[in-house]
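The next block holds one structure in the form of structure tokens; read it before the comments.
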Amino acid sequence: GVLRTREFIMKDAYSFDRDAAGLDRSYQLHVEAYDRIFDRSGLEWYRVESDVGMMGGVGAHEYMAPCAAGENEVALSDAGYAANVEIATGQAQAVAGLPEPLGAPEPVDTPDARTIEEVAGLLGVPEGALIKALPVIRDDGRPLLVVVRGDHRVNEIKLRNRLGAPVRQATEEEIRSVFAAPPGFVGPVGARVPVLADEALRGLAGLVAGANEEGRHLRGVEPGRDFDVNWGDVRDVAAGDRCPNGGTIRIEPAIEVGNIFKLGTRYTEPLGARFLDENGKEHDIWMGSYGIGPARIVAAAVEQYADDR
């Protein structure tokens, strides 16, 4: 009950600078100050890379206090990597037991097998050997087929950032009419719409994908050979993946106790908040926003220090 307090109190600060370099300096000063504040709070905490979200801007970090009751997940490694799972990136673990590559895709009957688990069990292959297909509709109405490894999950925030706009899942009617496939058997080979594949599929062969026909899949599928593809990092990282610093990723739940944003000109430009330089020329002000949640610090302290009584 402490985490969702009735009163929402924030300690807010803002910085106003003349350019990106000035914002970087102000941001770093707040990082150092906030680090000291959280050290003095007595919490175990991490400063992690995060998505700018609805606040917008050019960069952001969150202060996270790990605890089992946390509503967020953070990706950490022994090499110093720390990021919210919403934007965390890493090299996927290899798939053990991949089928042998084939010269071309071959159809295989998979009656009543629609889910990743069902198809993998029927064909006797690991879930990572499957191509999971997510038919989506862009904000402007254009269809797109997003594909990831069968043992991975699409990350909606990374997908939105990759496309520069939100998407929604296609309806069953749209899957049949626009994607020309029955639900549960959608695949990228012969797709009538553009395909966006996660980077973890790059270089793999011998995969299994929907055949766009009822009760049938294809085996021996190879991205880039059997279907045209655009690439992007659009999946959730998983525990055991390799972080950009070379360490092994672990996932921990955490409470967000603070956040800082490089807003840039996200608000000053539309509001006309400008200044005159020494030459009398107008420029947009570069902003930063910095927040701490005192009630959330209390909630995190309760979670981290409470005993059985």
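This one's a predicted model, so the numbers in the text were calculated from it and none came from an experiment. Positions are given from 1 along the sequence.
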For Glu32, does the CD atom sit with more than 12 other heavy atoms under 6.0 Å from it, leaving out its own atoms?
yes
Heavy-atom distance under 4.5 Å between the side chains of Glu222 and Pro105, does that happen here?
no
NZ/NE/NH1/NH2 to OD/OE distance under 4.0 Å, Lys262 and Asp24:
yes
How far does OG1 of Thr248 sit from CG of Leu76, to the nearest 0.5 angstrom?
12.5 Å
Closer than 4.0 angstrom, basic N to acidic O: yes or no for Arg149 and Asp151?
yes
For a 4.5 angstrom cut-off between non-hydrogen side-chain atoms, does Leu207 reach Leu98?
yes
Is Glu86 paired with Arg160 through a side-chain N to carboxylate O contact shorter than 4.0 Å?
no
Are Thr171 and Ile137 close enough that some pair of their side-chain heavy atoms sits under 4.5 Å apart?
no
Please step through salt bridge (Lys or Arg N to Asp or Glu O under 4.0 Å) for the pair Asp140 and Arg138, ending with a clear verdict.
CA-CA 5 Å; Asp140 60 6; Arg138 296 176 188 242; 5.1 Å; no
Rounded to the nearest 0.5 Å, what separation is found between the CG atom of Leu43 and the CD atom of Glu303?
11.5 Å
Interatomic spacing from CG in Asn84 to CE in Met64 - rounded to 0.5 Å:
4.5 Å
Crowding at CZ, Arg192 (>12 non-hydrogen neighbours, <6.0 Å)
no
Between Val136 and Ile157, is there shared hydrophobic-cluster membership here, with clusters defined by ILVMFWY side-chain heavy atoms closer than 4.5 Å?
no
Between Leu163 and Leu144, is there a side-chain heavy-atom distance shorter than 4.5 Å?
yes
For atom CG of Asp228, decide whether the heavy atoms of other residues, nucleotides or ligands shown that lie under 6.0 angstrom number more than 12.
no
From Lys132 atom NZ to Leu201 atom CG, the distance as rounded to the nearest 0.5 Å
11.0 Å
Out of Arg153, His152, Glu156, which residue meets the side chain to side chain contact (heavy atoms under 4.5 Å, CB included) rule with Asp236?
Arg153
Arg235 and side chain to side chain donor-acceptor pair (under 3.5 Å): which single residue from Thr89, Asn155, Asp241 fits?
Asp241
For His61 and Tyr27, take the angle between the two ring planes, folded into 0 to 90°, and tell me which bin it lands in: parallel under 30, tilted 30 to 60, perpendicular over 60.
tilted
Does atom CG of Asp39 have more than 12 heavy-atom neighbours from other groups under 6.0 Å away?
yes
When you compare the side chain of Ile131 with that of Leu204, does any pair of heavy atoms fall below 4.5 Å?
no
Is Gln91 atom CD crowded by more than 12 heavy atoms from other residues, nucleotides or ligands, each under 6.0 Å away?
no
A side-chain contact here means heavy atoms from C-beta on lying under 4.5 Å apart; do Arg266 and Met287 qualify?
no
Is the ring pair Phe38/Tyr63 parallel, tilted or perpendicular, if the boundaries are 30 and 60 degrees?
parallel
Do other residues, nucleotides or ligands put more than 12 heavy atoms under 6.0 Å from the CD atom of Gln28?
yes
